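Report on the following structure.
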Amino acid sequence: GHIRDLPKGAKEVPAKYKGEDWAYLGVNVEDDFEPVYIVPKDKKSQVTKLKQALKEAEDLLLATDEDREGEAISWHLCEVLKPKVPVRRLVFHEITREAIEEALEHPRGIDEALVRAQETRRILDRLFGYEVSPLLWRKIRPKLSAGRVQSVAIRLIVDRERERMAFRSATWWDLLGDFATERSERLQATLVRLEGKRLPTGKDFDPRTGKLRQDDLVLLDEPAARALADRLRSAEFRVVKVEDRPFTMRPAAPFTTSTLQQEANRKLGFTARRTMQVAQNLYENGYITYMRTDSTNLAQVAVDAARDLVRSQYGDDYLPERPRQYQSKVKNAQEAHEAIRPAGHPFKLPESVQGELDRDAFRLFELIWKRTIASQMADARGHRVTITIAGGGAEFQVSGKTIDFPGFLRAYVEGSDDPDAELADQETLLPRVREGESLEVLGFEPKSHTTQPPPRYSEASLTRTLEELGIGRPSTYAAIIDTIQARDYVFKKGNALVPTWTAFAVVRLLEEHLPSLVDYQFTAQMEDYLDAISRHEAEH
DNA sequence: CAGTGAGCGAGCTTCCGCTTGACTT
């Protein structure tokens with residue numbers, strides 16, 4: 001990790017800067033934002049060890065991560081160690097024999113522009129944090145904090161709470177029609193249209209007023225729904241349309257830190273913190289690859305191992321002709337490592353390691369194993385059938401889903417934030433009917449529906465949103481969630497993150513007086529600028 | 001002269017991102 005950093009406060013600033021106005025920042029804002037670097041106390045012993053080792057070395061190999069922070073670590077090492085022997089910078093994105101040997105044959109120098117980009121990022125975060133936090137101490141309460149990442153995180157949560165407070169629910173009614181086919185099979189369908197006009201769904205209501213957004217829809221109340229049910233009992237119904245559409249589903253990409261935390265939260269109920277602790281343990285004991293990564297890429301040996309397992313466990317039908325490659329769709333991905341996957345070749349089977357692992361570790365390992373294997377399996381194939389039934393001026397519809405070939409679903413189904421949607425994902429089989437077939441009416445049941453306010457963020461959905469906005473890094477997602485709770489901005493209610501009044505006060509103050517700093521695009525714009533620095537196109 | 005309370009000044013809080021070993025309970 002980093003062995004040098006800005007001083008934490010005025011106390012750690014070297015004596016010659018002690019009296020300066022900017023000492024508390026550790027950045028000379030009076031002279032071109034020159035940063036002051038120190039070796040923190042807990043890193044001194046590491047630096048001593050490195051210096052000792054360097055004395056007997058004929059060569060210095062810098063093999064830190066190939067990303068912005070990793071490049072900076074290499075640069076700081078050179079600054080501190082002042083090596084007199086030749087220095088080579090090695091880069092590899094996976095810890096495999098092949099990758100390391102390759103790296104040894106193609107060393108490079110330190111990329112100074114990338115180092116300047118990191119330094120800029122560090123200074124910006126310090127200035128934001130150490131200038132804005134004291135403002136909150138004076139205006140709201142001591143010990144509060146603000147920062148490029150945490151302040152946007154609480155703004156997301158407060159914004160969602162505002163939407164919930166402004167929310168006005170709406171209630172509407174429809175009918176569940178119960179029919180029998182010519183072969184006496186039961187068929188239930190929902191009223192979707194009446195006299196040519198569509199019935200509303202939840203999306204048709206404005207969440208702030210509870211009123212319909214358009215007026216060409218049929219809004220039924222309870223008496224109207226009951227009257228309609230009575231009237232339709234004597235109507236004649238026919239199948240007017242049977243739509244049959246094939247579909248395929250692709251497996252999800254292998255895990256990154258963010259997706260692992262989300263899935264472990266949804267499927268195992270782990271907090272981000274617990275997921276990372278368990279993963280760290282699995283990593284240190286050689287069960288999985290590195291757990292702080294934003295890459296979905298698999299090393300060639302891992303692809304081979306996964307494909308071997310697919311063939312032996314599920315058979316050739318489940319193996320795609322060619323290995324699958326996953327593109328990172330995440331903004332600002334730096335891809336210094338592989339995806340998170342079982343270590344080694346071949347992968348150990350979960351059953352074979354169950355005895356060596358505690359319950360948490362086993363469940364997380366199994367999740368990683370299945371996701372990795374599934375990512376190299378064939379698409380699932382099926383078809384979706386939609387039946388439309390008409391009679392008495394009313395139109396009913398029902399959809400069913402059939403899986404013809406499960407493919408990767410044999411190994412892994414991605415979890416969902418929305419349990420209803422997950423239920424709807426299950427296979428639903430419909431009786432066979434033909435267009436024009438007449439149906440017997442068994443009855444109509446009026447059903448009421450109420451719109452729901454937008455849900456609060458969970459740890460999983462907050463992490464996903466931050467990642468989508470390019471905010472935070474794999475090593476910090478879990479820490480962000482801890483920080484906003486430690487500062488009393490947010491508390492957990494079950495899985496939900498609920499903002500406190502302090503959070504409302506802080507967000508409102510920042511929105512009113514420092515709007516650009518809490519803009520959701522602030523980090524994305526910063527990243528664009530840092531990229532320009534690393535391409536030598538902008539001043540740091 | 002002792003005890004009390006008001007007033008003042010000094011010192012502290014805080015960022016993000018990379019990591020693992022040291023320390024406490």
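Remember, predicted model here, so these are calculated numbers, not experimental data. The analysis underlying the following values was restricted to heavy atoms, covering all of them including side chains, and did not include hydrogens, waters or symmetry mates.
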Check your understanding: Is there a side-chain contact between Arg292(A) and Ser475(A), using heavy atoms and a 4.5 Å cut-off?
Key ->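 SC-SC contact between Arg292(A) and Ser475(A) confirmed.
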Check your understanding: Do Tyr130(A) and the base of dT14(B) stack face to face, with centres under 5.5 Å apart and an angle between planes under 30°?
Key -> yes
**Study point:** Per-pair stack call Trp137(A) and dT14(B), 5.5 Å, 30°
**Key:**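 No, the aromatic ring of Trp137(A) does not stack with the base.
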Does [N] have its OP1 or OP2 closer than 4.0 Å to a side-chain nitrogen or oxygen of [X]?
X	N	result
Tyr24(A)	dT13(B)	no
Arg487(A)	dC15(B)	yes
Gln46(A)	dG21(B)	no
Gln118(A)	dG17(B)	no
Ser475(A)	dC18(B)	yes
Thr476(A)	dC16(B)	no

Review point. When only distance counts, do a donor and an acceptor, one from the side chain of Arg121(A) and one from the base of dC16(B), lie under 3.5 Å apart?
Key: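 Indeed, a donor on one side and an acceptor on the other fall under 3.5 Å apart.
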Check your understanding: dC16(B) base to Arg473(A) side chain: any donor-acceptor pair below 3.5 Å?
Key ->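 Answer no: no donor N or O sits under 3.5 Å from an acceptor.
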Separation of atom [atom1] in [X] from atom [atom2] in [N], rounded to whole Å:
X	N	atom1	atom2	answer
Leu127(A)	dC16(B)	CG	P	13 Å
Gln277(A)	dT20(B)	CD	C1'	14 Å
Tyr477(A)	dC18(B)	OH	P	10 Å
Lys41(A)	dC23(B)	NZ	P	12 Å
Lys8(A)	dG17(B)	NZ	P	16 Å
Ile480(A)	dC15(B)	CD1	P	12 Å
Tyr290(A)	dG17(B)	OH	C1'	11 Å
Leu144(A)	dC15(B)	CG	P	10 Å

Check your understanding: Of His337(A) and Gly9(A), whose closest DNA chain B nucleotide lies nearer the 5' terminus?
Key ->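 Its nearest nucleotide being more 5', the pick is Gly9(A).
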Check your understanding: Hey, which of these two, Ser45(A) or Ile471(A), hits DNA chain B nearer its 5' end, going by closest nucleotide?
Key ->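 Its nearest nucleotide being more 5', the pick is Ile471(A).
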Review point. Which pairs pass salt bridge (Lys or Arg N to Asp or Glu O under 4.0 Å) with one or both residues in residues 512-524 of chain A, sequence neighbours excluded?
Key: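 Passing the test, one end in residues 512-524 of chain A: Arg508(A)-Glu512(A).
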Review point. Per the side chain to side chain donor-acceptor pair (under 3.5 Å) rule, which among Glu69(A), Glu71(A), Arg68(A) passes with Gln118(A)?
Key: Glu69(A)
Base, sugar-phosphate alone, or nothing: which one does [X] contact when heavy atoms must sit under 4.0 Å apart?
X	value
Arg122(A)	base
Gly1(A)	base
Ala479(A)	nothing

Review point. Any luck finding a side-chain donor-acceptor pair between Gln262(A) and Ser258(A) under 3.5 Å?
Key: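 On atom types as modelled, these side chains qualify, holding a pair under 3.5 Å.
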**Study point:** Identified salt bridge (charged side-chain N to carboxylate O under 4.0 Å, His left out) partner of Asp379(A) from the options Arg324(A), Arg410(A), Arg250(A)
**Key:**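 Between Asp379(A) and the candidates, salt bridge (charged side-chain N to carboxylate O under 4.0 Å, His left out) is satisfied uniquely by Arg324(A).
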Review point. Once the angle between the rings of Tyr287(A) and Phe365(A) is folded into 0 to 90°, is it parallel (under 30°), tilted (30 to 60°) or perpendicular (over 60°)?
Key: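 Ring orientation, 0 to 90° scale: perpendicular.
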Shortest side-chain distance from [X], nucleotide among [options]:
X	options	answer
Val149(A)	dC16(B), dT19(B), dT14(B)	dC16(B)
Asp67(A)	dT14(B), dC16(B), dC18(B)	dC18(B)
Lys143(A)	dT19(B), dC15(B), dT13(B)	dT13(B)
Asp65(A)	dG17(B), dT14(B), dC18(B)	dC18(B)

Point to revise | Near-ring test Tyr283(A)/Tyr290(A), centroid separation under 6.0 angstrom | key: yes
